S.K.: 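Dumping the structure here so I can ask a few things about it.
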Amino acid sequence: MELAKVEPIRLPAGRRVLVISDIHGNLTFFKALLRQVGFCADDILILLGDVLEKGVDSLATLRYVMSLRERYEVHMLCGNCDNLTFHFVDQTPDIPPEFYNSYVFGWGEKCVLTQMAREVGVPLESPADFPRLRAVIQERFAPELAFLRSLPTILLSDRFLFVHGGVYREDRLEQLTAWRCMKNDNFLGLGLSFHRWVVVGHWPVTLYDPSIPSAAPIILPERHIISIDGGCQLKWDGQLNALIIPDGESEDFSWQSYDGFPTAVALDRQEASTGSINIRWHENPVEVLEWGEEFSRCRHLASGRVLDILTEYLYEKGGVTRCEDSTDYRLPVEPGDVLSIVRTTSRGYLAKKDGVTGWYAGRIQS
C-alpha cells in the first residue's frame, strides 16, 4: 500500500490563507468563489483534494489549477478522486480493474478519463478500449499525469495539518497509508482531538446532522478540527466553501461560500421548526404513500417519519425508491435576511441561509 506523502508548508504572518475542498470539476463555482473572496497574489491557496471527477469540467479544472500555480502560491493535496487517473494508467493493484468498469461507464461525461478520451478522439465504449486509452493518456496528457503524481497527501505547518480525509495521529505521518488519509469517512465521528488544527474535506458536512441540513464548515475548537466539504457537485443544494485563515498564526477563522442560486431578500419573520429531519444519501430509501405532481407524501424507511418530498427529488435505484437529500426543516428568518432560493414551489421556498437549507413560507423581494 502507498504511504502518505507529507510536505511542509510555511504559512507566515501577514498572508491570508484560503482553503477550498471538493471542487469535483465544477470550474464555474471555483472561479466564482475565487472572485468572491478576492483571491490575489498576496494569498496562499490550499486545495484539499477532489478537484477532479463527478463534474463535466474536471479536465478543465485540473488545467486551471495548474495554470494558477504558475502565477500564485497554490498547494493542492491528493484526494481519493485525484489519484484515479494515474492509478488507471499504472494499473495499480490497490484498485481492482472492475472498479474502472463501473466508474467510467457509471459517471460517463463526469469522469475525467472520459473527458480525456473525448478530447483526443479515442473511443471509450467498453473495457476493451482501456489499453489504448492508457497509452494515449501517457502520450498526450504527460503534464497532467506528472502534476497528479506529484501531489502530496498531507501539508504540515507549525499550527495546521491539511489532509483530504483525515488522520489518526499527528506523529509518524509518513507511516500512514495514503488511501486511509484520503478516504476517511465520518472523520468527526471518530472522536479524535489534535494539537494542531486538522483541516479536512471529503465528507460533506451535511452528513453529520440528522436533523438540520447545513453545508457550512464545521469548526470544533475543543478538538482542533475543521471540516469544510459543502457538497459541491454532489448535492442539489450543495455549495463550494472557502475557509479563510487571516494568516498562519491566527485562529480568527471565517468562511465564504458560493452556490450559484439566485438570491432574494426575506420580507417576513419565521420561527425555526423543531424536531426536523435531514434525509441524507446513505439512508435515503423511502416508501411513496401518495404521488403528487409537485410534492409526494413519503415514509422515510430508516426513521419511519412521514413527510412531503419534492416529486422531482424522487428516483429509483436498485429497485428501491430513493430521494435526493430532503428535509422538512423550517428556517429561522428575519425581515432583511438574504436567502439563496433553491426551489420555488406552491408552498413557499426551499431556501438556504448561512449554508443551512430549509423551507420559508414568507414573502421575498428579488
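Computed from a prediction, not measured in an experiment: that's the story for all the values here.
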S.K.: What are the two closest non-hydrogen atoms of L124 and F105, and how far apart are they?
M.R.: O-CE2, 3.7 Å

S.K.: Please determine whether a side-chain nitrogen of the Lys or Arg among D337 and K353 lies less than 4.0 Å from a carboxylate oxygen of the Asp or Glu.
M.R.: yes

S.K.: May I ask you to decide if S211's main-chain N or O and S276's side chain share a donor-acceptor pair within less than 3.5 Å?
M.R.: yes

S.K.: To the nearest 0.5 Å, how far apart are CG in L52 and OG1 in T61?
M.R.: 7.5 Å

S.K.: Would you say the ring centers of Y313 and W236 fall short of 6.0 Å from each other?
M.R.: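 Centroid distance Y313-W236: below 6.0 Å, so yes.
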
S.K.: Taking side chain as C-beta onward, heavy atoms only, is I154 less than 4.5 Å from V167?
M.R.: yes

S.K.: Within the supplied structure, the quantity of interest is the number of heavy atoms (other residues, nucleotides, ligands) at a distance under 6.0 Å from E293 CD; does it exceed 12?
M.R.: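 At most 12 heavy atoms, drawn from other residues, nucleotides or ligands, come within 6.0 Å of this atom.
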
S.K.: Take a 6.0 Å sphere around CD of E334 and say whether it holds more than 12 heavy atoms from other residues, nucleotides or ligands.
M.R.: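 Buried by this count: over 12 neighbours within 6.0 Å.
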
S.K.: How long is the gap from CG on D22 to CZ on F29, to the nearest 0.5 Å?
M.R.: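 D22 atom CG to F29 atom CZ measures 14.0 Å (nearest 0.5 Å).
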
S.K.: Checking side chain to side chain contact (heavy atoms under 4.5 Å, CB included) for the pair C298/E287: CA distance, chi angles, key distance, verdict?
M.R.: CA-CA 5 Å; C298 300; E287 175 191 1; over 6 Å; no

S.K.: Between W197 and H224, what is the ring plane arrangement, given parallel below 30°, perpendicular above 60°, and tilted in between?
M.R.: parallel

S.K.: Is V89 reachable from L84 through a run of I, L, V, M, F, W or Y residues, each pair having side-chain heavy atoms under 4.5 Å apart?
M.R.: yes

S.K.: If you group Ile, Leu, Val, Met, Phe, Trp and Tyr by side-chain heavy-atom gaps below 4.5 Å, do V200 and L234 land in one group?
M.R.: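 V200 does not cluster with L234.
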
S.K.: Kindly give the heavy-atom pair with the smallest separation between D50 and D82, and that separation in Å.
M.R.: N-OD2, 2.5 Å

S.K.: Check whether R16 reaches the backbone of P246 with its side chain - one donor and one acceptor, N or O, closer than 3.5 Å.
M.R.: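 No; judged by distance alone, with no hydrogens or angles, the pair does not exist.
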
S.K.: Determine the minimum heavy-atom distance between P123 and R132, stating which atoms define it.
M.R.: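 Here P123 and R132 meet closest at CD-NH1, 3.5 Å.
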
S.K.: Taking the side chain as every heavy atom from C-beta outward, state whether Y258 and N241 have any pair of such atoms under 4.5 Å apart.
M.R.: no

S.K.: Decide if the gap between the ring center of F86 and the ring center of F88 is smaller than 6.0 angstrom.
M.R.: no

S.K.: Does G25 offer a backbone N or O that forms a donor-acceptor pair with the side chain of E53 under 3.5 Å?
M.R.: no

S.K.: If you define the side chain from C-beta out and look only at heavy atoms, does anything of Q239 sit under 4.5 Å from K352?
M.R.: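 Yes, close enough: below the 4.5 Å cut-off.
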
S.K.: Is there a donor-acceptor contact under 3.5 Å from the side chain of T153 to the main chain of A4?
M.R.: no

S.K.: Spell out, as yes or no, whether a donor-acceptor pair under 3.5 Å connects the side chain of Q115 to the backbone of L59.
M.R.: yes

S.K.: Any salt bridge between E271 and R269, counting N to O under 4.0 Å?
M.R.: yes

S.K.: Between S296 and E290, does a side-chain hydrogen bond (donor to acceptor under 3.5 Å, both in side chains) hold up when you go through it step by step?
M.R.: CA-CA 6 Å; S296 294; E290 182 180 350; over 6 Å; no

S.K.: Decide whether L18 and I228 are clustered together by the hydrophobic rule: side chain heavy atoms of Ile, Leu, Val, Met, Phe, Trp, Tyr closer than 4.5 Å, transitively.
M.R.: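 L18 does not cluster with I228.
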
S.K.: What class does the angle between the rings of W107 and Y103 fall in, given that below 30° is parallel, 30 to 60° is tilted and above 60° is perpendicular?
M.R.: tilted

S.K.: Apply side-chain hydrogen bond (donor to acceptor under 3.5 Å, both in side chains) to Y208 and N278, showing your working.
M.R.: CA-CA 10 Å; Y208 286 113; N278 175 23; over 6 Å; no

S.K.: If we check side chain to side chain donor-acceptor pair (under 3.5 Å) with D90, which of these qualifies: R134, Q138, R149?
M.R.: R149

S.K.: Does atom CD of E316 have more than 12 heavy-atom neighbours from other groups under 6.0 Å away?
M.R.: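 Enclosed: over 12 neighbouring heavy atoms sit under 6.0 Å from CD of E316.
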
S.K.: Charged N to carboxylate O under 4.0 angstrom, D247 versus R15?
M.R.: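 So D247 does not pair with R15 through a salt bridge.
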
S.K.: Do E119 and R63 sit within salt-bridge range, that is, some charged N less than 4.0 Å from a carboxylate O?
M.R.: yes

S.K.: Output yes when a side-chain donor or acceptor of D57 lies under 3.5 Å from a complementary backbone atom of L27, and no otherwise.
M.R.: no

S.K.: Tell me the closest heavy-atom pair linking G238 and D259, and the distance in Å.
M.R.: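 Closest pair (atom of G238, atom of D259, distance): O-CB, 3.6 Å.
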
S.K.: Check the orientation of H282 and W203. Use parallel for under 30°, tilted for 30 to 60°, and perpendicular for over 60°.
M.R.: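 Correct class here is tilted.
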
S.K.: Would a distance-only check, ignoring hydrogens and angles, find a side-chain to backbone donor-acceptor pair under 3.5 Å from D209 to I212?
M.R.: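 Indeed, once roles are kept as given, a pair shorter than 3.5 Å links the two residues.
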
S.K.: Hydrophobic cluster membership, with links at side-chain heavy-atom distances under 4.5 Å among I/L/V/M/F/W/Y: are L47 and L156 in one?
M.R.: no

S.K.: Between the side chains of N184 and H202, does any donor sit under 3.5 Å from an acceptor?
M.R.: no

S.K.: Following the transitive rule for hydrophobic clusters with a side-chain heavy-atom cut-off under 4.5 Å over Ile, Leu, Val, Met, Phe, Trp and Tyr, establish whether F162 and L192 coincide in one cluster.
M.R.: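 Different clusters: F162 never reaches L192 through Ile, Leu, Val, Met, Phe, Trp or Tyr contacts under 4.5 Å.
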
S.K.: Suppose the criterion is side chain to side chain donor-acceptor pair (under 3.5 Å): which pairs have a residue in residues 300-309, not counting sequence neighbours?
M.R.: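 Listed once each, the pairs are R297-D308, H300-S303, R305-D328, D308-R347.
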
S.K.: Do the numbers put R223 on top of the ring of F194, so that NZ or CZ is under 6.0 Å from the six-membered ring centre and no more than 45° off the axis?
M.R.: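 R223 over F194 ring: no.
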
S.K.: Find out whether P213 and D325 are in side-chain contact, i.e. whether some heavy atom of one side chain is under 4.5 Å from a heavy atom of the other.
M.R.: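 The answer is no; the side chains never approach within 4.5 Å.
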
S.K.: Can you name the nearest heavy-atom pair linking A216 to V205, along with the distance?
M.R.: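 Taking every non-hydrogen atom into account, O-CG2, 3.4 Å.
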
S.K.: Any side-chain heavy atom of V51 within less than 4.5 Å of one from F30?
M.R.: no

S.K.: For a salt bridge (Lys or Arg N to Asp or Glu O under 4.0 Å) check, start with the C-alpha distance between E170 and R196, then their side-chain angles and the critical distance, and finish with the verdict.
M.R.: CA-CA 8 Å; E170 287 181 76; R196 289 182 177 88; 3.7 Å; yes

S.K.: Taking CZ in R10 as the centre, count heavy atoms belonging to other residues, nucleotides or ligands within less than 6.0 Å. Is the count above 12?
M.R.: no

S.K.: In chain order, what residues pass the salt bridge (Lys or Arg N to Asp or Glu O under 4.0 Å) check against K183, with sequence neighbours excluded?
M.R.: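 With neighbours one apart ignored, the set is D185.
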
S.K.: Verify the neighbour count for atom CG of N186: are there more than 12 heavy atoms of other residues, nucleotides or ligands below 6.0 Å?
M.R.: yes

S.K.: So, Y72 and D42: side-chain donor and acceptor under 3.5 Å apart, yes or no?
M.R.: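 Per modelled atom types, Y72 and D42 side chains form no pair under 3.5 Å.
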
S.K.: Is a donor on one side and an acceptor on the other found under 3.5 Å between the side chain of S150 and the backbone of L148?
M.R.: no

S.K.: Would you say S346 and E294 are linked by a side-chain donor-acceptor pair, where the criterion is simply a distance under 3.5 Å?
M.R.: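 Their side chains do contain a donor-acceptor pair, which is all the 3.5 Å distance test asks for.
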
S.K.: Determine whether T327 and L307 make a side-chain contact, defined as any pair of heavy atoms from C-beta on separated by less than 4.5 Å.
M.R.: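 A side-chain contact is absent here, since even the closest heavy-atom pair is not under 4.5 Å.
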
S.K.: Do you know which of L151, L48, L68 makes side-chain contact (heavy atoms from CB on, under 4.5 Å) with M76?
M.R.: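 Exactly one pass, corresponding to L151.
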
S.K.: Without swapping roles, check the side chain of Q270 against the backbone of W359 for a donor-acceptor pair under 3.5 Å.
M.R.: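 Checked: pair present.
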
S.K.: Specify the closest pair of heavy atoms between G248 and F160, including all atoms of both residues, with the distance to one decimal.
M.R.: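 G248 and F160 have their closest heavy atoms at O-CE1, 3.6 Å.
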
